[in-house]
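The figures here come from the full heavy-atom set of this structure, side chains too, leaving out hydrogens, waters and symmetry mates. Letters A, B, ... mirror the listed sequences (proteins, then strands); counts begin at 1.
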2 protein chains.
Amino acid sequence: MANKRVKAQDVANLAGVSRTTVSFVLNNRSDSIPEATRQRVLDAARKLGYVPSAAARTLRAGGNNIVLVLTRYVVASEAGDEMHNAISAGLERCGLTCLLSRSAGDTSPLSRMLSEVRPCIIVSFFPISDDDRRMLEQLDIPLLELGEGASSPSEFSYANLQHRIGFAQAEYLIGRGCRDLVYVVGDDSLIEGIHEYRYQGVAEAVARHARVGLAGRVNVDADSGEGFLGLDEGMPDGVDGVCAFNDTVAAAVLAWAGRRGVDVPGDLRVIGVDNLRFGMFLDPPLTSVAIDADEGWSDAVVAAVLDRLGRAPAGDGAEGSSADAAGRADDAAGGGSGDFGIRVVARRSA
Amino acid sequence: MANKRVKAQDVANLAGVSRTTVSFVLNNRSDSIPEATRQRVLDAARKLGYVPSAAARTLRAGGNNIVLVLTRYVVASEAGDEMHNAISAGLERCGLTCLLSRSAGDTSPLSRMLSEVRPCIIVSFFPISDDDRRMLEQLDIPLLELGEGASSPSEFSYANLQHRIGFAQAEYLIGRGCRDLVYVVGDDSLIEGIHEYRYQGVAEAVARHARVGLAGRVNVDADSGEGFLGLDEGMPDGVDGVCAFNDTVAAAVLAWAGRRGVDVPGDLRVIGVDNLRFGMFLDPPLTSVAIDADEGWSDAVVAAVLDRLGRAPAGDGAEGSSADAAGRADDAAGGGSGDFGIRVVARRSA
DNA sequence: CTGAAAGCGCTTACAG
DNA sequence: CTGAAAGCGCTTACAG
């Protein structure tokens, strides 16, 4: 088993050409190379199972096409999962390679990661420390932060997506006649960031309607026994609409309502987020906000990455691109609707 | 803004030493270097924000410490998410860098990924194509396949984990007096692989008990309206126990039972998988199998990776390691219990 | 159209 | 204890 590492020279030998030619063919710079030669090289490479050394090519070329995406545990949801898939697929389609880390910059230092792999851009779903931010600047690695401050959510930010989700919940309830809303969150501290954004979205929607009020936030401690801790005490009187942080929290609210004899949706309308399947098996079936990752926000993220990299979007050559990624990203979202793939799935609970 | 790429030479200049010394200090081979010099180098590196070039160091050293984990969309669950986190954290603790890909080897070719980053080992949650397998062999990259054939699930395999989950479900129901089980799956084709493994586990448990029968599999088409398609027709008579593929499917069964006036758990016991929070809000609250990623199977995976790499487990120097990773992995699982962190959370439904 | 050569930034024997 | 030098495998001007 002569299992020696095969390199460009071996391919060149087998094809009867020089290393230069091999490199040209393999990197699609073969304009000036006769088709016959090209094929010989390609065949040789295939036969030998040649894959160029990532390290050498990166070193020589001065960079690679890796997009490093920083995520961490937030709350598992199909929507979140699909979003990662959609982003990954979208980047691959543009010739970029998408790699996720679930610890770098969070439980493990970012610099450690960077000495193993140096991406051409970093996309982070959570806020990066100032030190890390400085380091990236030093290293000339662009950073796309998706989870910016809730105060001024940029067009692409994860914060903005969350904001819109809350907004959509509230708008729906108000449209159904609710006048006194409340926001209910779970006790999972890991979701704090997200629920803040969503709450702001709810608040904004409420502010836009004259005679609608928002009675603040209520916490459900879902871990404690029957899981209604906080609801009995916390639920303000007169509330007729609940925006739940997600479908799980909504399920808790529904169970609580059932127990207390509160009629849903007659006395109280409840809307969740995620549109998980179990929602349709609740009593009453749960109305929820679905996020369609494939056609919405993930496209905006891919567009933003491309813009930062100074590359044109996939599938077209020249385009006046640069500062106005916002416009393009918005266009990319769900057939120009700019809704980031957010939609309400109406069932009986609201 | 003199933002020139800082390299080892710059650090050496600032510290007043040679590149060699810098390299020694930064790679912890500084046995022979005086502490004062060491500090000077460290300070200089910090001040300049120096991070060694990943490409150069990999090229020169002939390898890196990257573990590439191949996953893809299966079914989002907190358990799966936590498992990835636990594996990632476990590997980092051993000095390895964990990177996930959600497309390589699946929607995008593995070779493309490999020409961007060459890991020292690949861990795959799904079966790798024969071509890719050959390629990895060629490239001398060890492959740890977690989703092996259901026929002979190895001790570490994802298949085996799934097998045990099904087994645990059935054992619990049998222990509660069930004599006629049925397995209920959703219509999500993506989960086919997993549910096959789990079903085999159920079958094995049933086979171990003399007077217990298994009435096969029933499909719920959760997408269709009320979501009971298949249950009305498919549910065999006389069944007194349901092993549901997951909590969502279990929720469908519970809803169906409520509608048909089947008493749970009196006439029918139902157990799910994942122990999702919403289960406690169902009526009756759902009994489920929880998978404790932190202390169970993920440790076994980390141990297996280390073994393949020929490295000793973290935290100890010499240990007679090699072929018997099975033993070690099993030991690592949940306080030596070898249960991979699988446990039944009993509620009223079973 | 093809080849010889430089050089990317590092690590690591090897001399001093 | 420290430095000069080789070389990892590739890509890319540059000559032929």
Quiz item: What about A:R19: does its side chain form a donor-acceptor pair under 3.5 Å with the base of D:dT11?
Solution: yes
Exercise. Provide the closest heavy-atom pair for A:G105 versus A:D132 in the form atom of the first, atom of the second, distance.
Key: CA-OD2, 4.1 Å
Quiz item: Rounding to a whole Å, what distance do you find between B:Q9:CD and D:dG3:C1'?
Solution: 11 Å
Quiz prompt | Which atom of A:S298 lies closest to which atom of A:I87, heavy atoms considered | solution = CB-CG1, 3.7 Å
Exercise. Would you check if there is a donor-acceptor pair between the side chains of A:S124 and A:E145 at a distance under 3.5 Å?
Key: no
Quiz item: Between C:dT2 and A:T37, is there an OP1 or OP2 to side-chain N/O distance shorter than 4.0 Å?
Solution: yes
Quiz item: B:K7 has a side chain; which of C:dG9, D:dT2, C:dT11 sits nearest to it?
Solution: C:dG9
Exercise. Output yes when B:D43 and B:R46 qualify as a salt bridge under the 4.0 Å nitrogen-oxygen rule, no when they do not.
Key: yes
Quiz item: Between B:R38 (CZ) and D:dC1 (C1'), how many Å, whole number?
Solution: 15 Å
Practice problem: Using atom CG of B:L26 as one end and atom P of C:dC10 as the other, report the distance to the nearest whole Å. | Solution: 10 Å
Quiz item: Under a 3.5 Å cut-off on both pairing distances, which runs of 3 or more consecutive Watson-Crick or G-U pairs involve DNA chain C?
Solution: C:1-3 with D:14-16, C:5-12 with D:5-12, C:14-16 with D:1-3
Exercise. Measure from the side chain of A:V17, starting at C-beta and using heavy atoms only, and say which of C:dG3, C:dG9, D:dC10 lies closest.
Key: C:dG3
Practice problem: Could you verify whether a donor N or O on one side chain and an acceptor N or O on the other, from B:N27 and B:R57, lie under 3.5 Å apart? | Solution: yes
Quiz item: So what does B:S23 touch, heavy atoms closer than 4.0 Å: a base, only the sugar-phosphate, or nothing?
Solution: base
Exercise. Quickly work out the A:D140 CG to C:dC8 P distance and round it to whole Å.
Key: 17 Å
Practice problem: Strictly below 4.0 Å, heavy-atom distances to any atom of DNA chain C: list the hits from residues 40-56 of chain B, or just say none. | Solution: B:Y50, B:P52, B:S53, B:A56
Exercise. Kindly state each residue pair satisfying ring-ring contact (aromatic ring centres under 6.0 Å, His included) with at least one member in residues 116-137 of chain B, sequence neighbours excluded.
Key: B:H84-B:F125, B:F125-B:Y158
Quiz prompt | With sequence neighbours excluded, residues passing side-chain contact (heavy atoms from CB on, under 4.5 Å) with A:I121 | solution = A:V67, A:P142, A:V305, A:R308, A:L309
Quiz prompt | Any side-chain donor near an acceptor of the partner, B:R112 and A:T97, under 3.5 Å | solution = yes
Quiz item: In whole angstroms, how far is the P atom of C:dT11 from the CG atom of B:N27?
Solution: 5 Å
Quiz item: Of A:A61 and B:A61, whose closest DNA chain D nucleotide lies nearer the 5' terminus?
Solution: B:A61
Quiz item: What's the shortest heavy-atom distance between A:A56 and B:L59, and which atoms?
Solution: CB-CD1, 3.9 Å
Quiz item: Do B:R134 and B:E137 sit within salt-bridge range, that is, some charged N less than 4.0 Å from a carboxylate O?
Solution: no
Quiz item: A:N13 CG to C:dG3 C1': how many Å, rounded?
Solution: 13 Å
Quiz prompt | Pair listing, salt bridge (Lys or Arg N to Asp or Glu O under 4.0 Å) test, anchored in residues 12-28 of chain B, at least two apart | solution = none
Please list, pair by pair, any protein nitrogen or oxygen found under 3.5 Å from a nitrogen or oxygen in nucleotides 13-16 of chain D.
none

Practice problem: Provide, to the nearest angstrom, the distance between the CG atom belonging to A:L114 and the C1' atom belonging to C:dG9. | Solution: 16 Å
Self-check item: Interatomic distance where CZ belongs to B:R57 and C1' belongs to C:dC10 [whole Å]
Solution: 9 Å
Self-check item: Among C:dT11, C:dC1, C:dG9, the nucleotide that comes nearest once only the side chain of B:L59 is considered
Solution: C:dG9
Exercise. Look at B:T58 and C:dC10 and indicate whether a side-chain polar atom (N or O) is within less than 4.0 Å of OP1 or OP2.
Key: no
Quiz prompt | salt_bridge(A:K7, A:D10) N-O dist < 4.0 Å | solution = no
